[in-house]
Amino acid sequence: MKDHYDPSIIEAKWQKKWEEAKLYRRHDSSDKEKWYFLTMLPYPSGDLHAGHWYAMSPSDAGARFKRMRGYNVWFPIGFDAFGLPAENAAIKHGLHPYTWTMANIERMRGQLRKLGTMFDWEHEAISCLPGYYQWTQWFFRKFYDMGLAYRDKAPVDFCPTCNTTLAREQVWGEDRHCERCGTPVIIKNLAQWKFRILNYAEELLDGLDQVQWPERVKTMQRNWIGRSEGVEFTMPVQGHPDLSFRVFTTRPDTTFGMSFAVLAPEHPLVEQIITPAQHEAVHDYVDAAKRKSELARQTDAGEKTGVFTGAYAINPVNQQPVPIWIADYVLMGYGTGAIMAVPAHDERDFAFARKYGLATPIVIVPSEVYAAGDATAWDEEAARTLAEAYSLKEGGVMVNSAAFDGTPWPRSFDATAAWLAEQAAGERKINYRLHNWLISRQRMWGVPIPIIYCPTCGTVPVPYEDLPVLLPEDAEFKPTGESPLKYHEGFRFVKCPQCGGDAEREIDTMDTFLCSSWYQYAYLSPYWKEGETLSADDIPWDAQVAEMWMPVDLYTGGIEHATMHLLYTRFFTKAMRDAGVVDFDEPMLRLFNQGMILGEDGEKMSKSRGNVVNPDDYVSQYGADAVRAFLMFIGPWEQGGPWNPRGIGGVQRFLHRVWTVAVNPPTTPTGATPSDRQIADLRRATHQTILKVTADYEEFKYNTMIAALMGFSNTLTTAKETSVYGSDAWNEAISSLLLMMAPAMPHISEELWQRLHKPFSIHTQPWPQGDPELAKEDVIEIPVQINGKVRDRIQVAAGADKASLETAALASEKIQAWIEGKTVRKVIAVPGRMVNLVVQ
RNA sequence: GCCGACGUGGCGGAAUUGGCAGACGCGACAGACUUAGGAUCUGUUGACCGCAAGGUCGUGGAGGUUCGAGUCCUCUCGUCGGCACCA
């Protein structure tokens, strides 16, 4: 029979068969250990692109591998279906976002099936359906009840292109641009809903020690949370017995070195303390600071400006008056918006002091300098000529600090902190760079925030029984900077659930990151409750099922979510735990970040660059198996890299070779009986490959896994023309090859498995067991070096000990020629590795 | 500026963690089969010297440790990512 590998036929055939056989249905009762394998759910943008393939096919291979390894694997998928592109498409094409989104989902479902994935479609979740988002609202309501949701008016980041506010996490880069569209954000003063993620700051830090996540993601989260430990204390204003301000410092040990204090230009105290003489200068400066965009204020970092207020504060440790300045290098949004300036021990304060001629008294010196005992090293003259701030903590000793002189770090911190606590209303304090999560969005296509504003009762949460607050189907969706829902009177005007009077709904919708913060739970069981009313005691999933499957064992997805989704979903789980709905702390135990697949030009794929790769084209030409294997072969998964259209040909040739070696008989059958040697060689290759491939799958090293399979298939192609063909060892080799290919290339392996008359399905077969004994070489070639340079290679028994290695090396003719007339001073023999002769 | 990752043939990348650098694949070159080849198969392919046997050099650069370094240490250059006046 002359047939050849035709992926277009076999792939469709098996996809249908797998579905009919319900091969990937979840099993809730099983003796096997459960493995919840989750990949980040896609946004239904319309087409599955190369990036989806790069994220999903190796994930799928991982899930299939784990299943063959004997785990009860569950691998669900869904759609993160609220969000801006739907609205933008709606505006452009006059379609309702719902229609656009659902059509895309339908399309992408088909594409995901063509990929050959083992997704369990029975547990799909779609976040824009009322059955889903009623629970997103339920979470909001829970958090409200717990005091975790609040509304305040404050300066917030606003994207003028997306026409909505953003969370701090969604503002990226030096120019503070919108994470989604790249437009620099502007600052607006708006009343917005926020979640108190800061309540969990400490726990979000500690929890990182419990999860197996890439170190760089942990680092990014730690940086983002930005914990800093210090002391906050009170500075009285001289001549104003009723006025004082608080400052935060991480260096209470330097308080004696304070030579001025700085308030942020926005600090409320500024107005009350300016002296008439300074009035105009200060006002000019404050106005300029206000006008200055956030961007300019960032970019100007380094060039410090400020102005004296005319007022003085009292340094509590020595009662010295210090001038109060205002400067925009002090930010109102961090700490107290005011600092004590210690120029000798802080670079920024130093730069400011030198510019404006302020004193730089030295109060910390390195311990060696202190030990030398020469006080001229920290006297007034030394301070005057100081070239740069000495800001190290470790190894510093206090000087010019009265009773504290000689106190080294870190005792200096504790001692001065205690003193400030007693004498200056000070307290140890921990500040975080993390901001509370701003969740209000002025867009239509999102989850309505279930809040009602009543003139009589104030802010009233929508009762659980009234959820969901449905998104009106006929709402205007043009963004204006205010929520489009404002113009939908039927939505906006309601009766107050408490007093029954006229009231208005909150018109903003929620950040879509709320939807994706709990989707791993939504997959668990049907979450929609047709016609049922919700209550505070409900939970969105079956507790028993959650008990069985949560938390997620392995999560795969892109690094871009390091400080957004991955932070939010951890916060959600911790808050849910405190609400009593889950009993663990971390939702995702392990995390793997794949890299990004780039265009042929090595640049990020984008429509404007015209370098977008449409995988469908390649699938129709080469088949899904070839595209999957190619993406895995391209390089380390975590690294990503450019799409190279030529490389896929190599993978395709490999698949054809496998087909030929498995299906076609040898060109010239030998008919002879294989020797023991031939059998052993073949089995060695088989078991070496099994061991290598198994280890590679475990560690997501898919590129070397494919390489090993290629090598093995090359070996088999050669071996086929020898007398081992048709032997037990041969059959073992072929079935092992197919089994090892199955997770990565599910269709061709299933097809060939069937052609070898093996039982359906290859994907439910146990993983082949590698035998280290069979994999062992009996004779190995090792290099013999002279003074570290390879001069010969010798064949030795694999188990040869040092002495026999040495003997064999010295017996080599080439080696003898090299050492003739010289003295062998030392022989280093490493069994199984090499021999090195040190010769003089 | 701070923190982190990375730097290996013409290209993508390997290298059981200190022990044969360049696995596997792409590309290129040569050959076979072909009316044809942008199909398939076979072989060669780090650079330099040499007719050859063989030799020398070689993992961004400079030093160091070691019998032995892509791997460890010090300095340095470059690329990418994160944070950035956070007191």
Side-chain angles (χ1 to χ4, degrees), chain A residues 172-174 176 214-224 226-228 230 232 247-251 254 261-262 264 297-304 327-331 333-342 345-349 351-352 391 431-434 559-560 562-563 596 602 630 633-636 638-639 641-651 653-654 656-657 660 667 691-692 695 701 703-714 717 780-793 814 825-830 832-839:
Chain A
W172 284 15
E174 208 171 332
R176 296 181 49 76
E215 221 30 66
R216 65 177 168 156
V217 176
K218 293 188 185 184
T219 306
M220 282 166 77
Q221 293 210 348
R222 286 191 189 107
N223 284 346
W224 190 256
R227 182 184 197 273
S228 100
E232 195 180 297
V247 295
F248 174 74
T249 179
T250 56
R251 296 296 305 275
T254 65
V262 187
R297 211 163 142 171
Q298 297 284 335
T299 325
D300 291 355
E303 184 50 41
K304 294 193 174 32
D328 64 5
Y329 81 91
V330 173
L331 308 173
Y334 183 79
T336 59
I339 62 159
M340 68 168 193
V342 184
H345 306 294
D346 180 285
E347 283 173 38
R348 295 150 305 177
D349 297 344
F352 194 83
S391 55
N431 264 324
Y432 301 93
R433 216 171 313 203
L434 182 71
I559 186 84
E560 66 273 17
T563 54
M596 205 188 336
F630 167 62
F633 185 58
I634 220 166
E638 66 272 26
Q639 193 179 297
W643 175 276
N644 173 1
R646 289 223 188 94
I648 197 166
V651 174
R653 278 192 281 279
F654 159 62
H656 277 284
R657 269 201 301 278
T660 307
T667 42
L691 293 170
K692 166 72 178 158
K701 292 175 162 180
N703 57 330
T704 49
M705 176 274 288
I706 301 278
L709 290 177
M710 285 174 166
F712 186 46
S713 93
N714 292 344
T717 301
I780 55 170
E781 187 188 77
I782 63 159
V784 180
Q785 303 177 338
I786 290 174
N787 294 337
K789 291 189 176 175
V790 181
R791 296 304 180 188
D792 194 16
R793 293 166 215 277
K814 280 186 189 169
R825 299 190 44 165
K826 197 173 171 187
V827 179
I828 295 123
V830 183
R833 295 268 186 230
M834 43 65 70
V835 179
N836 188 16
L837 309 176
V838 185
V839 162

Worksheet entry | Euclidean distance for P, B:rU17 against B:rG12 (whole angstrom) | 27 Å
Worksheet item: Within less than 4.0 Å of OP1 or OP2 of B:rA87, is there a side-chain N or O belonging to A:Y329?
Response: no
Discussion item. When the P atoms of B:rU76 and B:rA69 are compared, how many Å lie between them, rounded to an integer?
Written reply: 24 Å
Worksheet item: What residues, two or more places apart in sequence or in another chain, satisfy salt bridge (Lys or Arg N to Asp or Glu O under 4.0 Å) together with A:R222?
Response: A:D209, A:E215
Worksheet entry | Under 3.5 Å donor-acceptor, A:R657 side chain and A:M710 backbone | no
Discussion item. Please report the distance, rounded to the nearest Å, between CD in A:E638 and C1' in B:rC80.
Written reply: 15 Å
Worksheet item: Does A:F630 have any ring-ring contact (aromatic ring centres under 6.0 Å, His included) partners at least two apart in sequence or in another chain, and if so, which?
Response: A:W643
Item to complete: Let me know the distance between CZ of A:R216 and P of B:rG81, rounded to the nearest Å.
Response: 12 Å
Worksheet, complete the sentence: By side-chain hydrogen bond (donor to acceptor under 3.5 Å, both in side chains), A:Q785 pairs with (sequence neighbours left out) none
Response to the item:
Contacts of A:D792 meeting side-chain hydrogen bond (donor to acceptor under 3.5 Å, both in side chains) (sequence neighbours excluded), chain-then-number -> A:S812
Discussion item. Among residues at least two apart in sequence or on other chains, which ones pass side chain to side chain contact (heavy atoms under 4.5 Å, CB included) with A:V839?
Written reply: A:I786, A:N787, A:I819, A:K822, A:V824, A:L837
Discussion item. Stem list for RNA chain B, please, built from Watson-Crick and G-U wobble pairs under 3.5 Å and keeping only runs of at least 3.
Written reply: B:1-7 with B:77-83, B:10-12 with B:24-26, B:27-32 with B:40-45, B:46-49 with B:54-57, B:60-64 with B:72-76
Item to complete: Rounded to the nearest angstrom, tell me the gap between atom CG in A:N431 and atom P in B:rA87.
Response: 8 Å
Item to complete: Name the closest nucleotide to the A:N836 side chain, picking from B:rG68, B:rG12, B:rA87.
Response: B:rG68
Response to the item:
From CG of A:D346 across to C1' of B:rG1 the rounded distance in Å is 13 Å
Discussion item. Syn if the chi torsion is within 90° of 0, anti otherwise; quick check, which is B:rG25?
Written reply: anti
Item to complete: Kindly say if A:Q639 contacts the phosphate of B:rC6, meaning a side-chain N or O under 4.0 Å from OP1 or OP2.
Response: no
Worksheet entry | Glycosidic class, syn or anti, of B:rU35 using a 90° window around 0 | anti
Worksheet entry | Contacts of type side chain to side chain contact (heavy atoms under 4.5 Å, CB included), residue A:R825, not counting sequence neighbours | A:Q840
Fill in: Side chain of A:V830 (C-beta onward), nearest among B:rC85, B:rG12, B:rG19
B:rG19
Worksheet entry | Point-to-point distance, once rounded to the nearest 0.5 Å, from CE of A:M705 to NZ of A:K692 | 10.5 Å
Fill in: For atom CG of A:L331 and atom C1' of B:rA87, their distance in whole Å
9 Å
Worksheet item: Which letter, B, S or -, goes with each nucleotide of nucleotides 20-33 of chain B from 5' to 3', with contact meaning a protein heavy atom under 4.0 Å?
Response: B--BBSSS------
Worksheet item: Base, sugar-phosphate, or nothing for A:K814, non-hydrogen atoms under 4.0 angstrom?
Response: sugar-phosphate
Discussion item. Would you measure the distance from the P atom in B:rG70 across to the matching atom in B:rG64 and give it in whole Å?
Written reply: 15 Å
Worksheet item: A:P642 near the nucleic acid: base, sugar-phosphate alone, or nothing, with a heavy-atom cut-off under 4.0 Å?
Response: nothing
Worksheet item: For B:rG68, does either OP1 or OP2 sit under 4.0 Å from a side-chain N or O belonging to A:K826?
Response: no
Item to complete: For B:rC20 versus B:rG1, give the span between their C1' atoms, rounded off to a whole number of Å.
Response: 45 Å
Practice prompt. Determine, step by step, whether A:I634 and A:N644 satisfy the side chain to side chain contact (heavy atoms under 4.5 Å, CB included) criterion, reporting the C-alpha distance in whole Å, the side-chain angles of both residues, the deciding distance to 0.1 Å, and the verdict.
Written response: CA-CA 8 Å; A:I634 220 166; A:N644 173 1; 5.7 Å; no
Worksheet entry | Non-neighbouring partners of A:F352 that pass ring-ring contact (aromatic ring centres under 6.0 Å, His included), sequence neighbours left out | A:F260, A:W325, A:Y329, A:Y356
Worksheet, complete the sentence: Taken in chain and number order and not counting sequence neighbours, the residues that satisfy side-chain hydrogen bond (donor to acceptor under 3.5 Å, both in side chains) with A:T704 are A:D696
Item to complete: Check whether any side-chain N or O of A:T219 sits under 4.0 Å from OP1 or OP2 of B:rG82, and answer yes or no.
Response: no
Worksheet entry | Interatomic distance where CD1 belongs to A:I648 and P belongs to B:rG13 [whole Å] | 17 Å
Fill in: Rounded interatomic separation in angstrom, taking CZ from A:R433 and C1' from B:rA84
7 Å
Discussion item. Can you check the distance between B:rG10 and B:rG60, where both ends of the measurement are the P atom (answer in whole Å)?
Written reply: 13 Å
Worksheet item: A:L434 CG to B:rC83 P: how many Å, rounded?
Response: 13 Å
Worksheet item: In chain order, what residues pass the side-chain hydrogen bond (donor to acceptor under 3.5 Å, both in side chains) check against A:D346, with sequence neighbours excluded?
Response: A:R348
Item to complete: Taking A:N431 for its side chain and A:S228 for its backbone only, find out whether a donor-acceptor pair lies under 3.5 Å.
Response: no
Protein-nucleotides 56-58 of chain B N/O pairs closer than 3.5 Å?
from: B:rU56; atom 1: OP1; to: A:R791; atom 2: NH2; distance (Å): 3.2
from: B:rU56; atom 1: OP2; to: A:R791; atom 2: NH1; distance (Å): 3.0
from: B:rC57; atom 1: OP2; to: A:K789; atom 2: NZ; distance (Å): 3.1

Worksheet item: Counting any heavy atom closer than 4.0 Å, what does A:I634 reach on the DNA or RNA strands: base, sugar-phosphate only, or nothing?
Response: sugar-phosphate
